[in-house]
Amino acid sequence: MTEKPGTPLDPEVDRAPRALVTTVIVLLVALLGVVSYLGYLMVAEPRYTSPGQIEIDAAKAAVRESPRDPGALLELAYAYQKAERFEDALDRYDEALSIVPVETAALYNKGVIYLETDREDEAEEALWAVLEINDEHVLAARTLGEYYAQRGHYKSLLEAVRPAAVANESSADLQYLMGLAYENLGREDWAEARYRLALKHYPDMQEARDGLERLGVTP
C-alpha cells in the first residue's frame, strides 16, 4: 500500500518538524544555562552584586602589592567608606596614619565617619587634628564650623574657621560661617562684611541673604 504525501510517514513532511523541535530544545538548554550562571553570580558570588566591591577588590590588590604604601591604604579605606563599611575604613585610615602621622586626608575622613556614626567627640578630635597640621584646610574648617554652628558654639566656630576663611576668601561657605559667628557674638558690622563677601563669590547664597536681612540691611 502506498502512503499518500502529507501523512506522518512521509519523510519529506516529517523532517522539518523534527529539526525545529531539536533547535527549540537546544535553545532552551542554553537559556537554562544562562539563568543558572546568573543565579551563581548572584548567590555564590555576591561580590558581583555588592556596590563598590569591584573598587574594593582592586584597592585590596594594590595594598597586597605595597602594604606600606599610604596612598594604597587611603584608596582602600575610602572604598570601604563609600560602601559604608566604616570599621574597615577606620582600620585602614589608622594603618595609613601609622606610616604618615600627619596624613590629613586620613584624619579628615575619620572625622566624617565619626560624625556619620554619631561619635561626636571623636569627630571633633579628628577634625581639630587636621587643623593643627594645616589650619587652612577648607573641608575640615567647614565641617567643624558647621558642627559648632548647629550647636551654637560660635566662639569655637570662629577659632576653627578663621584661618581657612582668611586664606580662602572665595569660599562662600567659610565666609558665611564667619558671618554667622560674628552675628551671634554681637559683631554685626563684621557679620555684614562676611555675608557680603559670601555673596560676592556666590550671589545666590540664600543663607547669606537671610543673614543680611536679620541684620536689617539690604542684600
Side-chain angles (χ1 to χ4, degrees), residues 74 77-78 80-94 96-97 100-219:
L74 288 174
Y78 191 57
Y80 280 137
Q81 183 177 348
K82 290 191 292 184
E84 298 186 354
R85 292 174 56 175
F86 295 132
E87 291 305 318
D88 288 330
L90 290 171
D91 288 343
R92 300 294 83 74
Y93 284 133
D94 283 339
L97 287 166
V100 184
V102 293
E103 179 52 72
T104 55
L107 289 167
Y108 172 74
N109 283 311
K110 284 184 66 176
V112 170
I113 290 174
Y114 289 142
L115 285 176
E116 291 185 8
T117 54
D118 297 322
R119 297 160 65 174
E120 295 182 353
D121 290 344
E122 291 167 287
E124 193 174 355
E125 181 181 351
L127 293 170
W128 269 117
V130 175
L131 295 178
E132 287 170 4
I133 297 167
N134 176 12
D135 62 4
E136 298 177 5
H137 194 288
V138 172
L139 292 177
R142 185 179 66 192
T143 302
L144 196 54
E146 290 172 348
Y147 171 82
Y148 287 133
Q150 291 170 2
R151 287 152 185 79
H153 299 167
Y154 297 109
K155 289 183 178 179
S156 295
L157 190 164
L158 273 180
E159 185 180 354
V161 170
R162 184 187 286 114
V166 171
N168 299 275
E169 180 186 303
S170 62
S171 174
D173 289 338
L174 295 182
Q175 304 310 328
Y176 165 75
L177 286 169
M178 289 281 287
L180 184 66
Y182 284 135
E183 178 187 353
N184 284 277
L185 292 172
R187 297 306 306 263
E188 295 187 355
D189 51 344
W190 291 4
E192 179 182 351
R194 291 294 175 173
Y195 287 145
R196 292 196 183 283
L197 192 54
L199 288 170
K200 173 184 175 181
H201 297 287
Y202 183 11
D204 295 328
M205 190 177 199
Q206 189 59 47
E207 296 89 343
R209 291 181 176 276
D210 292 342
L212 290 174
E213 290 179 3
R214 287 194 301 271
L215 296 175
V217 296
T218 303

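Everything quoted here is computed from the prediction, not taken from an experiment.
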| Main-chain N/O of Ser156 paired with His153 side-chain donor or acceptor, under 3.5 Å | no

| request: Kindly give the heavy-atom pair with the smallest separation between Ala149 and Leu177, and that separation in Å. | output: CB-CD2, 4.3 Å

| message | How about CZ on Phe86, more than 12 heavy atoms from neighbouring residues, nucleotides or ligands closer than 6.0 Å, or not? | response | yes

| task | Count the heavy atoms belonging to other residues, nucleotides or ligands that lie under 6.0 Å from CG of Asp121, then report whether that count exceeds 12. | result | no

| query | Minimum heavy-atom separation for Val161 to Leu174, with atom names? | reply | CG1-O, 3.8 Å

| What are the two closest non-hydrogen atoms of Lys200 and Glu169, and how far apart are they? | NZ-OE2, 3.7 Å

| Residues Glu103 and Arg92 bridged, charged N to O under 4.0 Å | no

| said: Tell me whether Gln175 contacts the main-chain N or O of Ala165 through its side chain, where contact means a donor paired with an acceptor under 3.5 Å. | reply: yes

| said: Is there a side chain to side chain contact (heavy atoms under 4.5 Å, CB included) between Val217 and Glu188? Walk through the geometry before answering. | reply: CA-CA 10 Å; Val217 296; Glu188 295 187 355; over 6 Å; no

| request: Considering non-hydrogen atoms only, spot the tightest contact between Ala208 and Ala198 and give its length. | output: CB-CB, 4.1 Å

| Trace of the side chain to side chain contact (heavy atoms under 4.5 Å, CB included) decision for Leu212 with Leu199 | CA-CA 10 Å; Leu212 290 174; Leu199 288 170; 3.6 Å; yes

| Shortest non-hydrogen separation from Ala191 to Gly179 and the atoms involved | CB-O, 3.4 Å

| query | Any luck finding a side-chain donor-acceptor pair between Tyr114 and Glu125 under 3.5 Å? | reply | no

| request: Could you tell me if the ring centre of Tyr176 sits under 6.0 Å from that of Tyr195? | output: yes

| task | Please round to the nearest 0.5 Å and tell me the distance separating atom CD of Glu132 and atom CG of Leu127. | result | 11.0 Å

| field | Worked verdict on Tyr78 versus Tyr93 for side chain to side chain contact (heavy atoms under 4.5 Å, CB included) | value | CA-CA 8 Å; Tyr78 191 57; Tyr93 284 133; 3.7 Å; yes

| field | Any side-chain donor near an acceptor of the partner, Glu124 and Tyr148, under 3.5 Å | value | yes

| message | Salt bridge or not between Arg194 and Glu183? Use side-chain N to carboxylate O under 4.0 Å. | response | no

| query | If every non-hydrogen atom of Leu131 is compared with every non-hydrogen atom of Ala141, which pair is closest and at what distance? | reply | CD2-N, 3.9 Å

